[in-house]
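Reminder, nothing fancy here: chain letters follow the sequence lines and each chain counts from 1.
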Protein chains: 2
Amino acid sequence: MPVMITIRDVARRLNLSITTVSRALDGYDDVAEETRRQVIEVAKEMGYTPNRAARELRRQRTDTLGYILPADKPQFADPFIAEFIAGLGDEAAANNFDLLVSTAPAESAQEKTLYQRWVQGGKVDGLVLNYTRLRDWRVQYLAGLKKPFVSLERSLDAVDFVGVEVDPGEGYAELIDYLIGMGHSRIAYVGGWRELKIQHDRFAAFERCLNSAAVQIDPTLVLEGDLTLEGGYQAVLRLLSLNRPPTAVVCVNDLTAIGALHAAHEMGLRIGRDVAVAGFDGIMGAAHTNPPLTTLDQPVYTIARKLVSLLLGLISGGEMPERQVRLQPKLMIRESTGGR
Amino acid sequence: MPVMITIRDVARRLNLSITTVSRALDGYDDVAEETRRQVIEVAKEMGYTPNRAARELRRQRTDTLGYILPADKPQFADPFIAEFIAGLGDEAAANNFDLLVSTAPAESAQEKTLYQRWVQGGKVDGLVLNYTRLRDWRVQYLAGLKKPFVSLERSLDAVDFVGVEVDPGEGYAELIDYLIGMGHSRIAYVGGWRELKIQHDRFAAFERCLNSAAVQIDPTLVLEGDLTLEGGYQAVLRLLSLNRPPTAVVCVNDLTAIGALHAAHEMGLRIGRDVAVAGFDGIMGAAHTNPPLTTLDQPVYTIARKLVSLLLGLISGGEMPERQVRLQPKLMIRESTGGR
DNA sequence: CTGTCTTTCCAAAACGGTTTGGATTATAAT
DNA sequence: ATTATAATCCAAACCGTTTTGGAAAGACAG
């Protein structure tokens, strides 16, 4: 670390008080224009940048947002997350906020410690939650401390919800209709951890659609994966080894579906003909799998930006024209289900 | 923000000085065991967590690392980045460091401001660089300020390099041998921005291999993309519309290659037969494109962790057994080039 | 009993900003 | 000439820690 240039150095050089330097740079109107000009010039010339820790300490805010990725496995690399973090980062940066990210297994002690360190230690002004659980301690914790936060999908906890929700209802109705139209009746579901709100909502929608089409759900065709490629691979390997295997597999997300493609390939099946596979997310690249993946597309990048924009509204504490955003995924039919 | 519990509150409750509370929690040996026990208990009960800004200010370090993604387009979403950030985050977290991320267009004023805010403002203890440029102002800037940093790929700037390098030489030799063995002689290259070290190294290796195999390089077959899917798509669309189109396309990264697949598909070509496509990176999912992508696989996640581990060594200032890591990518032959 | 160690604790000084509550001077109004 | 007003500036308090340099008290040795 080099010599640090403090506000004191700038003040000394100009024979001004640090107060005046501070106020000149912050644009207060009680400093003469000529003085301000000089301050700005000298500050720039000396390469002065206010120390963040000092400023944060005094101001009691950090201009920093936090996002903790709930990752069970250490090695987590979902394109969904890439897009999501990109959205968070871009929107934060556009508002001069920084984004702090970390990962911790869901419901672990590690997760609790990390949240505590950031929230009670005042490291962030607000947080973005993801992979919301049905009952989510994070929601209760943050709401209890009145710390600003937004989430993708609402938990069942009785707190007032600010965030984005994607309703799988209509999308699944379209998808299931389409699959049944293609002659499928043994339709499997590979989901995620059952405490996950998305798992709950999507599977519920799936069930509802099959019921209303009077198609039987075979419980042996419903498996729990873990949202990863590997999880989808293992689950579908099992499914396809059954005596009466499914003819279609609906997956809770695209990564699971890509694992499913892999498994079906390995079993020597022609995907789209012998077995249909569908995903959920519309990750970039889903259009380029082998074969291209039918999926329910949601605008992840935009959703992430929206979340940050909502969170910033919450932090600034003003009136919030909208606190909740609901949207529908869009069905993209591709060859993994036999195309049109 | 709720009432904040400070060290003063804990001290008051126990009739101790804040000094003692601080030292008890930090594990100094000049506090009685019984006292320490009480302090820890009460601190936990009151939910005390040291204020980060105050601690950072006093200690003059933040236990935070920074990574600024050079993204030209606001909307980047490279799986490579997802894996990279996952690696950075995991290794940082494993050492109780936080990771600050942001994005800024390469060489923009924005980028400079951001680095300055983080470095001179003392927001981070060290930085990870990526997409290193041949002459890289970031390298000069950080080296000049003696701020710890590591980079993936070394720039040509004369500073002492700590980081990871992936040498494309042998991998490309294998790949080109293989392509020539498959009968290709019109081989195109779709690269990235020419100031990029990876572009320079990879293209140089590509040229060298073709030369030593006495295969002509047609300059019209060498195009500059931008490392994105869209860039690869556009470039390959142009290539395949030439009077004498290439029979093989080598791409500087997997994303470009996936765009190439897309373009070839659209032109009605049978990939792997009419035209061969190869990438570089080995992103998760490359094995599942349509058709599966031949690529040079590098362990991105591991590289990222290694970078952080090197950076932490640099920050702690001790002896560093290794300062530079070199490794070779591994050729993965798949159907996009016709398989084996 | 005196002096020297240990053990245990603490007052006060940083760290580098921002903000409060004037002080000073010049200008305008009476 | 005096008073009110506006325009500039600044000393000092404050944010919540960590760390320095002892102080106090008890144990021990001579």
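Atom CZ of B:Arg36 and atom P of C:dT7 are 14 Å apart (whole Å). In this structure, CG of B:Asn15 is placed 12 Å from P of C:dC9, rounded to the nearest angstrom. Across the protein-nucleic acid pair, A:Leu14 atom CG and D:dT8 atom P stand 17 Å apart, rounded to whole Å. The CG-C1' distance, from B:Asp29 to C:dC9, rounds to 13 Å in whole Å. Note: CD (B:Glu33) to P (C:dT7) measures 13 Å, nearest angstrom. In this structure, the NZ atom of A:Lys123 is 15 Å from the P atom of D:dT17, given to the nearest Å. For the pair B:Leu16 CG and C:dT7 P, the interatomic distance rounds to 19 Å; values are reported in whole Å.
Taking the six-membered ring for Trp and the full ring otherwise, A:Trp137 and A:Tyr115 have centroids separated by under 6.0 Å. Outside the 6.0 Å centre-distance limit, the rings of A:Phe84 and A:Tyr301 are not counted as a close aromatic pair.
Here CZ of B:Phe97 is found 5.0 Å from CD1 of B:Ile315. Values are rounded to the nearest 0.5 Å.
Residues B:Pro105 and B:Gln110 meet the side-chain proximity criterion, which asks for heavy atoms closer than 4.5 Å.
The overall bend of the helix from C:dC1-D:dG30 to C:dT30-D:dA1, read as the angle between its terminal helix axes built from five base pairs each, is 60° when rounded to 10 degrees.
Under a 4.0 Å N-O distance rule, the pair B:Glu165/B:Arg326 qualifies as a salt bridge. A salt bridge links B:Glu322 and B:Lys306; the closest N-O separation between the charged side-chain nitrogens and carboxylate oxygens is under 4.0 Å.
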Indicate for each nucleotide in nucleotides 13-23 of chain C, in 5' to 3' sequence, whether protein heavy atoms under 4.0 Å reach the base (B), only the sugar-phosphate (S), or nothing (-). BBBBBBBB---

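Phosphate contact (OP1/OP2 of D:dC10, side-chain N/O of A:Ser17, threshold under 4.0 Å): present. Remark: A:Thr35 is in phosphate contact with D:dC9, judged by side-chain N or O atoms under 4.0 Å from OP1 or OP2.
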Worked verdict on A:Arg55 versus A:Asn51 for side-chain contact (heavy atoms from CB on, under 4.5 Å): CA-CA 6 Å; A:Arg55 164 193 287 245; A:Asn51 180 281; over 6 Å; no

Trace of the side-chain contact (heavy atoms from CB on, under 4.5 Å) decision for A:Val300 with A:Thr302: CA-CA 5 Å; A:Val300 181; A:Thr302 312; over 6 Å; no

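Residues A:Tyr67 and A:Asn130 bring a donor and an acceptor atom of their side chains to less than 3.5 Å of each other.
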